[in-house]
Chemist: 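Here you go, one structure.
Every number for a ligand or one of its atoms is a count from 1 in the order of the listing. Treat the numbers as computed from the prediction; the structure is a model and nothing was measured.
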Amino acid sequence: MTRICVPVCVSRLSELADAVRAAANVADVIELRLDYLTEVDLSHAGEAIANVLKAVDQQIILTLRPAEYGGARAISAQDRLHFRLQNSGYLKSDRNDLWDLELDLALLLQKRAGEGNDVVGTNLCDWDRTICSYHDFVGVPADLEKIYESMAQTESRILKLAVQADDALDCLSIFQLLDRAQHEGREMIAIAMGQAGVMTRILGPSRGSFLTYGSVDDESATAPGQLTACELRDVYRIDNIDRQTQITGLIGRPVAHSISPHIHNAALAKANFNAVFIPLEVQDVNAFIKRMVRPSSREIDWELRGLSVTAPHKSAVIGGLNWIDAAAREIGAVNTIVVEGDELHGYNTDAIGFITPLKQRQQSLAGLRCAVIGAGGAARAVVWALKAEGAIATVFARDEAKAEMLAQQFGVAYKPLSNATFRDADVVINATPLGTRGKAEHETPATREQLGEVRLAYDLVYNPFETRFLSDARAAGCETIAGLEMLMAQAVEQFKLWTGKHPNVEVMRAAAKRRLGMN
Ligand code: NAP
């Protein structure tokens, strides 16, 4: 059974009932973070809190996290113990409610109980209701196994470890601990926080984690990388993930902005595949390929089917693959990996993704004069695809040396961007990030005046759907192609490579539009 725990973190008693109700709408388990009730005198609030909790059926976890372990209150160990002693009455046995107790306190109690001390017989020693927890908000401690062993020394029913991941590889030790706990018959919650740890939140329950954490909405997330409970259920279909689930995902840095998980998971769900697509923030792509991807050397037992690759790894990943298709080799970039038996195969679906929407508008591209703005990775795929169709490409870039290098490699012309007029172009293509939401959103590589004699403007930027480049182009009388069309077309090819089936494109498009806020 997959449990999603939603933490409730409010500072006033007056906010508590609504927050608990909102959590109850999406949670299997509710964690009440008592330390966040900073406007409340906890020693007198017991009854009021208990009354709020009475109203819900979900299992409750009570947590009074001190500041030194990432909590919102400065509170001594003695006061934490005293509080638990006084307030265990909130817990209901028919709900299997639990206390979260940090490792230092659990060890202290265990010691005092061992000495036949005052705590014996009190609810402080109610180990069946105790989660023994350890948090590291900086990284993955080198002595993780030792910490686990200290936790396992206590009689706590559940052990919880949360560490900070900077690289998807940091998740390996979390998965290995979950395996160990299962092997040793201990219930465990193990999470890697941060964007690089997202896979532990999605795959953890299928690998033995007692629960995973989710928020009510993006604003109320309590830890970096935390997804909403609805995303976990509706986008990642966490209830359906098991050890047979085929894993696909996006490797890059950053990946949090990507809408690919929404597009691919919607298509996988529609096709009823036992498969999931997860964002994987990867720093060192070669180490990642070796330790998590290549079947002969990976340190994780999972059904990895394939990966989508984004910046900055599209070129660097090539050296780690067994076979590269001709287009990807000539472009010098792989954006799709397929695990075939023991081998890793590389493809580039950006080129076909780019050219497909253009060919849907114009049967033959032979002789079409195309101005490609930008000289980065995407421009390479664009120029390669245009050449393959017999179009005449000219590269325009702010860095003339880069434009020249790209142009020479593919045997096309180049010009500086600074004084471009685009008067000789039938099509102008934006292969720069100019216009992207959040950065340079109101900028454009070509103005309405510059586009006056152009027939078609094609933007690779897909977020926002309507960029300034596209609205200027329309105002200048151009036909337009939005970046989302390329994104969809290249995703269709990826889906086919991983599953051998054609995806439902309308479902993919609807998911993309939802994510881009275009309902
Ligand atoms: P990249 O490798 O970083 O290349 C970006 C290019 O844009 C470089 O030539 C860069 O010039 C240029 N550039 C950046 N800022 C500029 C500015 N202010 N003025 C003029 N030129 C500027 O990135 P990429 O991978 O090629 O991606 C480019 C864009 O295409 C991104 O927005 C990406 O999201 C989008 N894309 C979309 C799809 C899709 O499916 N729709 C697929 C792939 C890429 P310098 O080298 O001088 O910095």
Side-chain angles (χ1 to χ4, degrees), residues 250-260 262-264 308-317 328 331-336 347-358 371-385 394-407 409-410 414-420 422 428-447 450 457-470 480-495 505 508-509 512-513 515-516:
L250 171 68
I251 59 171
R253 189 176 177 89
V255 292
H257 65 284
S258 174
I259 65 171
S260 293
H262 296 261
I263 295 174
H264 279 296
S308 174
V309 186
T310 190
H313 301 317
K314 285 184 184 180
S315 299
V317 78
I331 294 164
V334 160
N335 81 329
T336 310
Y347 300 84
N348 187 307
T349 67
D350 281 337
I352 187 169
F354 164 75
I355 215 73
T356 301
L358 205 50
V372 180
I373 309 176
R380 297 172 66 82
V382 166
V383 170
W384 183 90
T394 303
V395 178
F396 291 79
R398 64 177 174 186
D399 183 332
E400 220 175 310
K402 282 189 189 164
E404 183 180 4
M405 208 151 63
L406 192 152
Q409 189 182 347
F410 291 99
Y414 72 94
K415 288 185 179 169
L417 181 59
S418 51
N419 53 0
F422 305 119
V428 173
I429 298 144
N430 175 29
T432 78
L434 281 180
T436 303
R437 190 184 299 283
K439 39 181 178 177
E441 185 165 346
H442 302 293
E443 294 181 39
T444 176
T447 59
Q450 285 172 293
Y458 190 159
D459 202 342
L460 265 55
V461 173
Y462 61 82
N463 188 8
F465 180 78
E466 177 78 359
T467 58
R468 182 173 156 207
F469 175 65
L470 290 182
T480 56
I481 302 179
L484 189 60
E485 291 202 43
M486 171 174 171
L487 187 73
M488 299 299 306
Q490 67 79 30
V492 166
E493 297 305 314
Q494 293 184 314
F495 190 95
V505 182
M508 287 173 123
R509 193 184 308 280
K513 288 188 165 177
R515 188 59 184 167
L516 294 175

Chemist: Under 3.5 Å between any N/O of V461 and any N/O of ligand 1: does that happen in this structure?
Modeler: no
Chemist: With the threshold set at under 4.0 angstrom, would you say P445 reaches ligand 1 through any of its heavy atoms?
Modeler: no
Chemist: Tell me whether R468 contacts the main-chain N or O of H442 through its side chain, where contact means a donor paired with an acceptor under 3.5 Å.
Modeler: yes
Chemist: Which residue and non-hydrogen atom of the protein lie closest to atom 4 (O) of ligand 1, and at what distance in Å?
Modeler: G376 CA, 3.3 Å
Chemist: Once rounded to the nearest 0.5 Å, what's the spacing between atom CH2 of W384 and atom CG of L406?
Modeler: 14.0 Å
Chemist: Give me the nearest non-hydrogen protein atom to atom 2 (O) of ligand 1 as residue plus atom name, then the distance to 0.1 Å.
Modeler: G377 N, 3.0 Å
Chemist: What residue and heavy atom of the protein are closest to atom 24 (P) of ligand 1, and at what distance?
Modeler: A378 N, 3.7 Å
Chemist: Drop me the distance from I331's CD1 to N348's CG, to the nearest 0.5 angstrom.
Modeler: 4.0 Å
Chemist: Pairs of nitrogen or oxygen atoms closer than 3.5 Å, one from R398 and one from ligand 1: do any exist?
Modeler: yes
Chemist: Below 4.0 Å from ligand 1: does a non-hydrogen atom of A431 turn up there or not?
Modeler: yes
Chemist: So, taking the atom named OH in Y347 and the one named CD in Q494, what distance separates them when rounded to the nearest 0.5 Å?
Modeler: 12.0 Å
Chemist: Quick check: L434 and ligand 1, any N/O pair under 3.5 Å apart?
Modeler: no
Chemist: Got a protein heavy atom sitting under 4.0 Å from atom 19 (N) of ligand 1?
Modeler: yes
Chemist: How far does NZ of K314 sit from CD1 of I251, to the nearest 0.5 angstrom?
Modeler: 11.5 Å
Chemist: If you scan the protein for heavy atoms around atom 33 (C) of ligand 1, do you find one that is closer than 4.0 Å?
Modeler: no
Chemist: Enter the distance from E443:CD to F469:CZ here, rounded to the nearest 0.5 Å.
Modeler: 14.0 Å
Chemist: Run the numbers on L516 and I259 for side-chain contact (heavy atoms from CB on, under 4.5 Å), then give the verdict.
Modeler: CA-CA 8 Å; L516 294 175; I259 65 171; 4.1 Å; yes
Chemist: Looking only at heavy atoms, what is the nearest atom pair of A403 and Y414, with distance?
Modeler: O-CB, 3.8 Å
Chemist: Near G374, which atoms of ligand 1 are under 4.0 Å from a heavy atom of that residue?
Modeler: 9 (O)
Chemist: Roughly how far, to the nearest 0.5 Å, is OH of Y462 from CG of L484?
Modeler: 9.0 Å
Chemist: Among A489, P433, G353, whose heavy atom sits nearest atom 14 (C) of ligand 1?
Modeler: P433
Chemist: Could you please spell out the steps behind the side-chain contact (heavy atoms from CB on, under 4.5 Å) verdict for F396 and T394?
Modeler: CA-CA 7 Å; F396 291 79; T394 303; 3.7 Å; yes
Chemist: Stepwise, does the side chain to side chain donor-acceptor pair (under 3.5 Å) test hold for Q490 with T349?
Modeler: CA-CA 5 Å; Q490 67 79 30; T349 67; 3.0 Å; yes
Chemist: May I ask you to identify the nearest protein heavy atom to atom 46 (O) of ligand 1, giving residue, atom name and distance to one decimal place in Å?
Modeler: K402 NZ, 2.7 Å
Chemist: Does ligand 1 have a heavy atom under 4.0 Å from the side chain of E443, from its backbone, from both, or from neither?
Modeler: neither
Chemist: Please report which non-hydrogen protein atom sits nearest to atom 9 (O) of ligand 1, along with the residue it belongs to and the distance in Å to one decimal place.
Modeler: A375 N, 2.8 Å
Chemist: To which of R380, M486, E400 does the heavy atom nearest atom 39 (C) of ligand 1 belong?
Modeler: M486
Chemist: Looking only at heavy atoms, what is the nearest atom pair of P445 and Q450, with distance?
Modeler: O-OE1, 4.1 Å
Chemist: How far is atom 30 (O) of ligand 1 from its nearest protein heavy atom, and which residue and atom name does that atom have?
Modeler: L460 CB, 3.7 Å
Chemist: Number the atoms of ligand 1 from 1 as they appear, then name those within less than 4.0 Å of a heavy atom of G483, with their elements.
Modeler: 41 (N)
Chemist: Heavy-atom distances under 4.0 Å decide this one: backbone, side chain, both or neither, for L487 against ligand 1?
Modeler: both
